[in-house]
Amino acid sequence: MLKKIIASIVLVLVIFGTTFTTFADTENYIKVDVPGGSQEQRLSKEMYLPLDEFNAASFGLKERFDGITDIFYTENSGLLLLCGDESRLVRINKTYTAAAEINVVDKKGQPIDFDGAEGIYADVYGNMYISDTANARVLILDKDGVLIETIEAPDSALLPDDFFFKPTSIAKDTHGYTYILSLGCYYGAMMFTPEYEFMGFYGPNTVESSALDTLAFLWDKLTDSEEKQNYSVKTLPYSFTDFSFDTQGFMVTCTSAITSSKFGANSDTGQIKKISHNGANILFKRSLTGEISSSGDVNFVETDLVYGAAGQSIDAIATSHDEYIFALETGHGKIYVYDSECNLMSAFGGGIGSGDQLGLFKKPCAITLNGDDVIVADLQSFSFTVFQPTEYGKLIRQAQSLYLKGDYDDAGEMWQKVLSENRNCQLAYRGLAMVSYNKGDLDKALEYAEEACDYAVYDLAWNKIVAQFVADYFAILVLILVVIIIAVCLFIRYLRKNNKKLINNAKVKLLFNAVLHPFTAFDDLKFKNMGSWPISIILTLLFYIASVLNVTSTGFLFTNTLLRNYNSLYTVFSTIGLLILWSVCNWLVCTMFEGKGTFKDVYISTSYCVMPWVVFLFLKVILTNFLPLSTAGLIGGIETVVLLYTFFMLAIAMIKIHDYDFFKFLLTAIVIIFFMILVVFVILMCGILAEQFISFIAEIYEEAVHR
């Protein structure tokens with residue numbers, strides 16, 4: 001009984017002993033790729049540091065910046081601070097040393113009320129655009145704040161009857177076309193000509209659908225009725241929350257993504273997109289193997305870090321002159337810096353709700369760029385904070401820009417400097433891997449590529465190494481192959497000539513016959529008592545060893561597990577434990593269903609069935625240390641075939657030893673699987689109860705000792 005309690009406790013500790021890495025709000029971190037296609041967070045050297053926090057008092061203004069809703073900077077207009085809740089517009093110079101109120105007036109000099117305005121923008125000529133959300137209009141002002149023109153809800157057949165014009169953000173492209181985001185509009189950005197004539201909608205988000213959604217749509221069409229239509233619910237795409245144009249003239253958009261489950265939302269990918277001139281998303285992410293996928297499949301917010309119960313929401317975005325994307329996540333006040341391939345360069349900020357430290361926020365609401373400066377406005381602290389790049393930040397941006405342009409060699413020295421300051425920088429290892437490959441230093445390229453988890457560069461270097469090896473030793477390799485073939489032929493001739501067999505032991509021979517002739521082999525196992533306990537135990541141990549090696553010793557190009565997170569105890573449960581659990585449950589269930597097999601028959605036949613899988617795993621471990629990445633599909637296909645054949649053998653074995661037909665086997669298999677799940681559940685519950693009981697005893701002991 002004591003052994004069972006200890007085993008249950010160990011099981012519970014293994015299952016619930018997972019630790020979660022969390023970082024403080026003030027810490028800078030990055031995301032790095034790890035084997036298996038997932039990502040993890042790592043601490044990083046600061047790419048940006050706060051310069052100062054500025055409020056009205058910083059500029060000698062009497063009224064504080066109440067109701068900040070947006071902030072925007074251009075060279076011609078300076079830094080524009082919109083206090084939309086107070087109908088105020090403030091201009092601050094580029095060095096943050098002076099500020100002045102802008103009197104927004106009409107052509108007659110009368111003040112204009114724009115309470116509830118949510119967006120401010122300025123074009124290259126210094127004209128300013130206020131998204132007067134509450135008043136359903138856009139105010140176009142000259143650089144002195146005098147009204148030039150007003151854009152109101154267009155009268156167009158392209159607009160649906162229930163459309164409400166509530167502009168929240170505005171921007172212009174290099175050709176003079178104006179784009180406006182309207183609150184709650186899921187059709188995309190509203191597009192206007194240089195003369196402010198409405199043209200239509202541009203670049204909307206789409207709703208992802210699956211095969212089940214298609215079948216549901218067809219069913220709804222077949223069973224459609226007026227009553228059903230009244231109760232139907234449509235899934236609509238998420239609307240843009242902000243957008244910006246990059247230096248190439250492409251629109252970069254962000255979509256609010258509330259990932260907290262309590263909101264019931266499922267928008268956990270594609271929060272940032274880059275829209276081409278034809279409306280397609282051209283922002284992509286390069287995978288570990290070099291394949292390209294759309295940013296619609298990328299999660300731009302957190303997966304592992306937990307800051308609280310609130311969801312995450314990217315509500316503001318800005319793009320730099322060197323094509324970096326700065327996204328403001330308002331749920332926790334984080335600023336994310338992404339390059340043009342969706343690599344997270346840095347994440348900083350935080351402090352949501354407190355903001356009691358420079359660089360942290362209470363309620364951030366907007367972001368803009370002044371050259372390399374990052375400026376974030378805070379609604380609740382009535383201020384804005386300026387972040388400036390560190391020397392490390394400038395260095396890594398310059399190096400990554402050269403890398404993305406293909407200037408690998410020019411970036412080599414910079415990457416070495418980056419690595420000397422931050423050993424966690426995966427981008428540096430990736431850049432140095434490509435530099436080493438271009439220089440012909442293939443061994444170094446393999447080393448850097450493995451550290452960077454860059455399968456593409458590793459595969460390029462490895463292919464060259466293998467090709468060079470084959471070219472250098474081709475004659476010797478051919479000679480070895482010929483010798484092996486001749487030796488095998490002579491051995492087979494010797495066996496036939498002397499009428500000898502390769503395997504004489506009948507029980508060992510049965511093991512191999514089970515793979516080649518499962519029907520007759522399992523008949524012999526059942527009726528001739530040819531099964532062997534020692535062979536079964538050895539196979540079980542080999543099953544465990546092969547599974548461990550499959551994780552720990554597979555070639556790098558085929559690795560999908562982070563070794564430092566690997567626990568071999570899980571493999572014990574999934575191999576030895578699974579075989580024993582299946583055998584016990586199979587014997588118990590089939591006994592109730594008139595099965596004729598004993599526990600010995602079930603266990604031995606089950607262990608024989610895993611032999612093809614064990615052999616494949618050993619071969620996979622050996623071959624994947626030599627094969628290129630291009631063979632991954634072939635290895636995966638063979639793996640599927642071997643696994644299916646293993647299950648086929650298991651089905652034949654159960655049919656033979658229990659004397660079942662196929663349909664009775666299916667029925668009992670379902671019951672066995674259900675029973676296995678029930679047994680695991682009971683073991684977990686016993687473990688939890690045992691843990692609670694031990695904790696209770698420990699507390700009583702502590703109380704007794706201290707009193």
Side-chain angles (χ1 to χ4, degrees), residues 495 500-547 550 572-620 638-677 679:
L495 292 176
K500 292 186 176 182
K501 295 181 179 180
L502 184 61
I503 301 174
N504 292 317
N505 188 292
K507 292 187 176 181
V508 176
K509 189 175 182 179
L510 178 69
L511 172 63
F512 293 94
N513 284 339
V515 178
L516 301 175
H517 309 287
F519 288 93
T520 57
F522 289 119
D523 267 339
D524 291 342
L525 187 149
K526 172 64 178 176
F527 297 107
K528 296 182 180 180
N529 195 25
M530 297 289 288
S532 170
W533 276 108
I535 292 176
S536 299
I537 293 172
I538 292 173
L539 278 173
T540 303
L541 293 176
L542 289 176
F543 183 27
Y544 167 73
I545 294 171
S547 299
N550 182 50
V572 172
F573 294 140
S574 62
T575 54
I576 299 174
L578 183 62
L579 282 181
I580 295 174
L581 180 63
W582 163 265
S583 301
V584 171
C585 293
N586 186 299
W587 173 59
L588 292 175
V589 171
C590 291
T591 299
M592 294 185 294
F593 281 82
E594 300 179 349
K596 295 181 172 58
T598 63
F599 174 77
K600 176 184 176 182
D601 295 333
V602 174
Y603 173 71
I604 292 176
S605 60
T606 301
S607 62
Y608 283 16
C609 289
V610 300
M611 182 182 174
W613 184 246
V614 171
V615 172
F616 169 78
L617 289 181
F618 279 116
L619 290 175
K620 179 185 175 184
I638 296 175
E639 185 172 3
T640 301
V641 171
V642 173
L643 191 60
L644 290 175
Y645 188 73
T646 299
F647 284 117
F648 170 75
M649 286 181 59
L650 185 61
I652 299 303
M654 295 304 105
I655 289 173
K656 288 295 183 179
I657 66 173
H658 289 302
D659 195 19
Y660 283 165
D661 58 29
F662 180 72
F663 294 103
K664 192 169 184 180
F665 160 73
L666 284 181
L667 174 62
T668 54
I670 294 172
V671 177
I672 291 168
I673 293 172
F674 175 78
F675 189 51
M676 290 171 66
I677 296 173
V679 169

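On a predicted model such as this, the values are computed, not experimentally measured, just so you know.
- Considering every non-hydrogen atom in both Ile657 and Ser605, the closest pair reads CD1-OG, 3.7 Å.
- There is a side-chain donor-acceptor pair under 3.5 Å between His658 and Asn586.
- Separating the OG atom in Ser536 from the CG atom in Leu579 is a distance of 10.0 Å, to the nearest 0.5 Å.
- Around atom NZ of Lys600, more than 12 heavy atoms belonging to other residues, nucleotides or ligands sit under 6.0 Å away.
- Within the 3.5 Å criterion, the main-chain N or O of Phe593 finds a donor-acceptor partner in the side chain of Tyr660.
- Remark: Leu581 CG to Ile576 CD1 distance equals 13.5 Å, nearest 0.5 Å.
- A salt bridge (Lys or Arg N to Asp or Glu O under 4.0 Å) with Asp659 holds for exactly one of Lys526, Lys664, Lys596; it is Lys596.
- Of all heavy-atom pairs between Leu617 and Ala546, the closest is CB-CB, 3.8 Å.
- Of all heavy-atom pairs between Ser607 and Leu539, the closest is O-CD1, 3.5 Å.
- Between Leu666 and Phe662 there is a side-chain heavy-atom pair separated by less than 4.5 Å.
- Taking CG of Leu510 as the reference point, atom NE2 of His517 lies at 11.5 Å (rounded to 0.5 Å).
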Pair up each side-chain donor or acceptor in residues 638-652 with any protein partner under 3.5 Å, not counting sequence neighbours, and list the distances.
from   : atom 1 : to     : atom 2 : distance (Å)
Thr640 : OG1    : Gly636 : O      : 3.0
Tyr645 : OH     : Val515 : O      : 2.4
Thr646 : OG1    : Val642 : O      : 2.9

Please walk me through it: do Thr598 and Trp587 pass side-chain hydrogen bond (donor to acceptor under 3.5 Å, both in side chains)?
CA-CA 7 Å; Thr598 63; Trp587 173 59; over 6 Å; no
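- Residues Phe573 and Leu578 fail the side-chain proximity criterion, which asks for heavy atoms closer than 4.5 Å.
- For the atom pair CD1 of Ile655 and CG of Asp523, the computed distance is 11.5 Å after rounding to the nearest 0.5 Å.
- In terms of heavy-atom proximity, Pro534 sits nearest to Ser532 at CD-OG, 3.2 Å.
- Note that the CG atom of Asn550 and the CD1 atom of Ile545 stand 13.5 Å from one another [nearest 0.5 Å].
- Distance check: Ile604 CD1 to Phe599 CZ gives 9.5 Å after rounding to the nearest 0.5 Å.
- Under the rule for a side-chain hydrogen bond (donor to acceptor under 3.5 Å, both in side chains), Ser547 has no partner lying at least two apart in sequence or in another chain.
- Under the side-chain hydrogen bond (donor to acceptor under 3.5 Å, both in side chains) criterion, Tyr603 pairs with Thr540, not counting sequence neighbours.
- Across every non-hydrogen atom of Ala514 and Phe522, the tightest pair is CB-CZ, 4.2 Å.
- When every heavy atom of Val602 is checked against every heavy atom of Met654, the shortest pair comes out as O-CE, 4.4 Å.
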